[in-house]
Structure formats: C-alpha cells, structure tokens
**Student:** 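Handing you this structure, nothing more for now.
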Amino acid sequence: MDIVTAIKERQSIRAFKPDPVPLDILKKIISQALWAPSWANTQPWEFAVAGGKKLKEIQDGFLNRGDVEAKSEVARPYEFPEPYISRMRGLMAKEKTFMSEAEFKGRRTDNFGHYGAPACIYLLIGRSFVYQAKGVNVWPLYDCGSVVQTIMLLATSYGLGTVAQAQAVTYPDIIRKVLNIPEDKLLALGIAIGYHDMEAKRNKFRSDREPLDKVATFYGLK
Ligand SMILES: Cc1cc2nc3c(=O)[nH]c(=O)nc-3n(C[C@H](O)[C@H](O)[C@H](O)COP(=O)(O)O)c2cc1C
C-alpha cells in the first residue's frame, strides 16, 4: 500500500473483530515504526503491548473502578477555546448519527473495552524526561506523536485497524499493576489494534478536516 492510500484509509476504528493479531505482526509494526524521527534521536518511547488475559484484567479493572475522575499522567486539556471546541462539537454531532442511542451513552465503557480490540499498545515515556525541575518538557510528545502515527499507518498497510485512546490510560495505576510497569515510565497513550468490523455502522463514520486554505499560508512561493 502506498503512503497516500494508507494516510487516507486510516481512520479511528471503534468496532473490532475479536480475532487476535499475530504477535509477529505486532512486532513487525512496532520495529518498523521505530524509524520515526525524534529530537536528537533520543527515541523517548517504549511500548507495553497487552492482549488476552492481561488486557481483560486491565479492562475489568477500568470497568469496576466506579471512579469518574481521570488520573491520566499526561494532563488532559483544561479548556477547549475556539475554534477547537466547535470542531469537537461538530465531530460529536456527526458521530452521533452513526451510533444508536445506547452506543452513544456507552462510549466510555466501549473505550475502556478498547472497542473489542484484541490488543492494546501502551506508549510509555520516561517520566523524568517530561516532568523536569524547570518545567514540563513537551518535546518528547512531538516525537511520540510521530511514532504513534507511524504505527497506525503501518497497521493500516497490514490490513489492521487502530484507534489512539487517551481513555485507555485513564487509570494508569491499574495498567501499571497488571503489566508491572515501573513508576518512572509515564503511561501516555493506548493504541487499540485489531481487525476492523466494517459491518459496524460506527466504522462507516469519517471525520472531517478543515480546508487547506484555512490552516496553511504560503509565503514567497509560486
Ligand atoms: C492523542 C489522541 C487521543 C485520542 N483519544 C481517543 C479516545 O480516548 N477515544 C476515542 O474513541 N478516540 C480517541 N482519539 C481519536 C480521535 O477522536 C480521532 O483521531 C479524531 O476524531 C479524527 O478521526 P480519525 O482518527 O477517524 O481521522 C484520540 C486521538 C488522538 C490523536
């Protein structure tokens, strides 16, 4: 699959088939994604990949938590100023038309169940590289964004679906305990990965993008 096709075909998948993803494919995707760029080649990422009983243990822990406050280790946005709030509302309004009322209400639970995906790739970042004595170093998050997108594009090219999930790291303590992840690694993001269920109506939803002339300005070019 060429890169432009992979970019266009990747979409957030929110209904997966239970079929497991072979371990060698997961290893291939992550090892190829390691070629993503990073500040001075610092490669500030590590991955913990869970499936089977381990993933179920995490999901059960999340679902039974009964606690609505997220404990994410990478702070969530405190505010969504314009134009971001309007884009978010636009997404939710359109997305809702691709879901039943029950699915819309159950989004949090579905997130915690990784939308039925058989595996989740957890992104880890060294805590001391992000939270530093003089302030927060945001640069490793750029690097991690590029490795995450590379993983998702490679997955698309191997016929797999993905969805990046902030919700998958809502309760890092649960993941840490099940996967034995040390405190000095931040649990930054989860990427649910598996085979798409393209019969599911919610996977037929495609998000929009702003037009080029609204977001890019070109100077001194012909
Ligand atoms: C950092 C990040 C966190 C996200 N967290 C979630 C999440 O917790 N749950 C979810 O369903 N989608 C999540 N998404 C997916 C976005 O909603 C999605 O990428 C966006 O709406 C654009 O749609 P597309 O991926 O289909 O192009 C996340 C995406 C990113 C990049």
Side-chain angles (χ1 to χ4, degrees), residues 3-16 33 36 44-45 47 50 55 58-59 62-63 65 68-78 80 83-100 102-117 119-125 130 138-157 160-172 174-175 186-194 196-198 200-211 215:
I3 190 72
V4 179
T5 307
I7 290 167
K8 285 186 177 160
E9 280 194 7
R10 185 215 59 82
Q11 67 178 93
S12 291
I13 293 299
R14 296 196 176 89
F16 290 88
W45 47 65
F47 305 94
L55 189 62
I58 293 169
Q59 291 169 344
F62 271 50
L63 290 169
R65 181 69 167 244
V68 288
E69 197 196 334
K71 310 276 190 216
S72 313
E73 296 182 327
V74 175
R76 291 183 177 209
Y78 301 105
F80 287 90
Y84 315 108
I85 186 72
S86 292
R87 290 181 191 157
M88 191 160 87
R89 286 187 181 135
L91 170 84
M92 289 176 89
K94 189 176 168 196
E95 211 179 354
K96 203 174 174 179
T97 65
F98 284 78
M99 280 186 245
S100 66
E103 278 174 331
F104 192 73
K105 282 194 184 135
R107 282 173 308 151
R108 190 167 187 270
T109 309
D110 284 352
N111 255 292
F112 287 177
H114 302 95
Y115 300 103
C120 182
I121 302 172
Y122 292 100
L123 168 71
L124 315 177
I125 313 178
V130 177
V138 297
W139 293 91
L141 298 169
Y142 283 94
D143 306 338
C144 287
S146 81
V147 83
V148 166
Q149 172 73 340
T150 308
I151 287 174
M152 296 197 294
L153 293 178
L154 283 161
T156 305
S157 79
L160 288 158
T162 56
V163 57
Q165 288 184 282
Q167 290 273 25
V169 290
T170 299
Y171 306 121
I174 294 175
I175 305 164
L186 287 177
L187 269 150
L189 193 72
I191 310 167
I193 183 164
H196 330 44
D197 176 0
M198 287 318 280
K201 192 176 170 192
R202 60 198 308 184
N203 282 341
K204 298 191 194 299
F205 164 75
R206 291 303 307 256
S207 57
D208 302 319
R209 294 296 185 271
E210 295 294 325
V215 298

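Start at 1 and go down the list; that is how both ligands and their atoms are numbered. Remember, predicted model here, so these are calculated numbers, not experimental data.
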**Student:** Do the ring centers of Tyr171 and Phe62 come within less than 6.0 Å of each other?
**Tutor:**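 Yes; Phe62 has its ring centre under 6.0 Å from that of Tyr171.
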**Student:** Below 4.0 angstrom from a heavy atom of Gln11, which ligand 1 atoms are there? Numbered from 1 as shown, please.
**Tutor:**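 Matching atoms, with element in brackets: 26 (O).
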**Student:** Please state which protein non-hydrogen atom is closest to atom 22 (C) of ligand 1 and give its distance, to 0.1 Å?
**Tutor:**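 The answer is Ser207 OG, 3.5 Å.
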**Student:** Does a sphere of radius 6.0 Å around CD in Glu210 hold more than 12 heavy atoms from other residues, nucleotides or ligands, not counting ones at 6.0 Å or beyond?
**Tutor:**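 It does: Glu210 CD has more than 12 such atoms within range.
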**Student:** Before accepting this row, confirm whether a basic side-chain N of the pair Glu103/Arg14 lies closer than 4.0 Å to the acidic partner's carboxylate O.
**Tutor:**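 Result for this pair is no, no salt bridge flagged.
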**Student:** What I want to know is whether Ala168 and ligand 1 share at least one N or O pair that is separated by under 3.5 angstrom.
**Tutor:**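 No, no N or O pair falls under 3.5 Å.
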**Student:** Counting non-hydrogen protein atoms only, what is the nearest one to atom 18 (C) of ligand 1? Give residue, atom name and distance.
**Tutor:**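 Closest protein heavy atom to atom 18 (C) of ligand 1: Ser12 OG, 3.5 Å.
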**Student:** Report the member of Arg14, Gln165, Gln167 with the shortest heavy-atom distance to atom 12 (N) of ligand 1.
**Tutor:**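 The option holding the nearest heavy atom is Arg14.
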**Student:** Taking the minimum heavy-atom distance to atom 4 (C) of ligand 1, which of Ala164, Cys144, Gly190 ranks first?
**Tutor:**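 Nearest option to atom 4 (C) of ligand 1, by heavy atoms: Ala164.
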**Student:** Relative to the heavy atoms of Val163, which atoms of ligand 1 are at a distance of less than 4.0 Å?
**Tutor:**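 So the answer, numbered in order with elements, is 12 (N).
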**Student:** Which heavy atom of the protein is the closest neighbour of atom 11 (O) of ligand 1, given with residue, atom name and distance?
**Tutor:**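 Answer, as residue, atom name and distance: Tyr115 OH, 2.6 Å.
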**Student:** Between Gln165 (side chain only) and Gly190 (backbone N and O only), is there a donor and an acceptor less than 3.5 Å apart?
**Tutor:**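 No; zero donor-acceptor contacts below 3.5 Å.
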**Student:** Count the heavy atoms of every other residue, nucleotide or ligand shown that sit under 6.0 Å from NZ of Lys94, and state whether that count exceeds 12.
**Tutor:**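 Yes, because the 6.0 Å sphere around NZ of Lys94 holds more than 12 heavy atoms from other groups.
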